[in-house]
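These notes concern the structure reproduced below.
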Amino acid sequence: MSVSIKKNSSPKGLRLVLILGAMTAFTSMSIDMYLPGFPQMAEDLGVPIGTIQLTVSAFLYGSAIGQIFYGPLTDRYGRRLPLLVGSALYIISTIGCALANSGEALLFWRLVMALGGGAGMVISRAIVRDLYTTAEAARMFSLLMLVMGAAPILAPLVGGQVLLFGGWRGIFFCLTIFGVLCFGAVAKYLPESLPEDRRIKQSLPQLVGLYGQLLQHGQYLCYSIGLGCISGMTFSYIAGSPFLFINLHDISPQHFSLFFGVNALGLIGSSQLNRKLLSHYATKEILRGGLMINLASGIILLLSVFTAFGGFPLQVICLFVNVASMGLLYPNITALALAPFKKMAGSASSLMGTIQYLIGATCGGLIGLLQNGTAIPMAAVMTGCAIAALFFAVVLADFFEPLKTGSRIP
């Protein structure tokens, strides 16, 4: 039985939104907060800026690896315990990052940090699927984006200020505090959403084997790959924007945080617009329109950085539109991908997250590997991801539509 979306207005519902939003924001906080410190980190550790950019990909690959395990664990043992274990690992690893004295050590601890933080994304999505129907889930994901959308605004702003007084290491100690607060909130306030009678009793190897069945679900796979391409745009922007703003256009780390925050405001606004649009349009229609807007902004950005047409102002506008369009993409494609599943919501969310972060990490890593002193690598990868997302999430997903009702997945 689904819980009515109206319950979100109750104190208990608001608390649920805040906790799940914070857990989902693990990734945003872990990436966005230390972006202003990229140049300082490279200088302090004596490594090229490309190495620091690769720490973004290290985190994303770690998230991909971690998420593949959390799904089966949560479907068998419930949502709370794996979430607490992941939060504890996140706390330990943030301390490791703060104490790192080499590029290699930082890469290692960022990987471990992601293994813990990945629990927040997977299990939060599974909890939403436990409690809500497809249309309600899309609205709930939009509501969660209102909470987690504060992270891209606050994280760089806080990171830029901490950088002035505590250096880049102080940023990671702040993340430690954030992890402790999240752990405490889950332990005290988050109820178990998967009762014993709805848990899958198969062994863990059998549960992992069910991933094979998920991969045979054509529409789910298309939406998951499309989500990965959307994340590829996001992570390319995250990895490449510090170089574009700070290195190419001499924007201070503190002012870069303001630009980054304004873009995040666009994301929050569009995610809340999405909640209104869902009352008048189908989820797939909104997704299709958002992808078209996203692609247009990517193409214009690529032309601008390649030809210098419009200069920095046009590039800022394109990035704002591109990031804002994500508020129409993430909630709807996530709800559509998870719609066919009930008992296996944890595993479906887990595999989807792994695909998402593998593609996102690869795209983000390309920015560091292709670094040529311009913003062309960032714009080119973002545009390529936009084209691929439209192809998988619209063209191929519609082609596999008949498989939606014929799936053998519970």
How are the rings of Phe26 and Phe178 set to each other: parallel, tilted or perpendicular (split at 30° and 60°)? perpendicular
Which pair of heavy atoms, one from Gly86 and one from Ala119, lies closest together, and at what distance? CA-CB, 4.0 Å
Are the side chain of Tyr70 and the backbone N or O of Leu115 linked by a donor-acceptor pair below 3.5 Å? yes
Parallel, tilted or perpendicular, judged at 30° and 60°: which one describes the rings of Phe312 and Phe259? perpendicular
Does the gap between the ring centers of Phe38 and Phe243 come in under 6.0 Å? no
Are the side chains of Ile225 and Ile359 in contact, using a 4.5 Å heavy-atom criterion? yes
Straight-line distance of Ile355 CD1 to Ser231 OG, nearest 0.5 Å: 11.5 Å
Backbone of Ile68 reached by a side-chain donor or acceptor of Thr354 within 3.5 Å: yes
A cation-pi test, strictly: NZ or CZ of Arg110 under 6.0 Å from the centre of the six-membered ring of Tyr34 and no more than 45 degrees from its axis. Yes or no? yes
Can a donor-acceptor pair be found, under 3.5 Å and without considering hydrogens, that links the side chain of Gln356 to the backbone of Ser224? no
With a 3.5 Å cut-off and no angle check, do the side chains of Tyr61 and Thr362 form a donor-acceptor pair? yes
Would a distance-only check, ignoring hydrogens and angles, find a side-chain to backbone donor-acceptor pair under 3.5 Å from Thr334 to Pro331? no
Determine whether Leu84 and Arg80 make a side-chain contact, defined as any pair of heavy atoms from C-beta on separated by less than 4.5 Å. yes
Separation between CE (Met33) and CH2 (Trp168), nearest 0.5 Å, reads 13.5 Å
Measuring from Leu302:CG to Met382:CE, what's the distance to the nearest 0.5 Å? 10.5 Å
Check whether any side-chain heavy atom of Leu329 lies under 4.5 Å from a side-chain heavy atom of Leu287, and answer yes or no. yes
Minimum heavy-atom separation for Leu20 and Ser124, please, with both atom names. O-OG, 3.6 Å
Do the side chains of Tyr90 and Phe183 get nearer than 4.5 Å, heavy atoms only? no
How about Cys318 and Asn322: do any of their side-chain heavy atoms sit closer than 4.5 Å? no
Give me the atom names and distance for the closest heavy-atom approach of Val162 to Cys174. CG2-SG, 3.9 Å
Are the side chains of Pro82 and Ile123 in touch, meaning some heavy atoms are under 4.5 Å apart? yes
With a 3.5 Å distance limit and no angle check, can you tell me whether Glu192 reaches the backbone of Gly78 through a side-chain donor-acceptor pair? no
Taking atom CG of Asn274 and atom CG of Leu328, what is their separation to the nearest 0.5 Å? 5.5 Å
For Ser270 and Ala324, indicate whether the former's side chain and the latter's backbone hold a donor-acceptor pair under 3.5 Å. yes
Any Leu214 side-chain heavy atom under 4.5 Å of His217 side chain: no
Do Phe172 and Trp109 have side chains that approach each other closer than 4.5 Å (heavy atoms only, starting at C-beta)? no
Measure the spacing between CG of Leu190 and CE of Met23 and express it to the nearest 0.5 Å. 8.5 Å
In terms of side-chain heavy atoms, does Thr234 have a donor or acceptor partner in Tyr330 at a distance below 3.5 Å? yes
Under 3.5 Å donor-acceptor, Ser241 side chain and Tyr237 backbone: yes
Give, for atom CD1 of Ile230 and atom CG of Asn294, the distance between the pair rounded to the nearest 0.5 Å. 7.5 Å
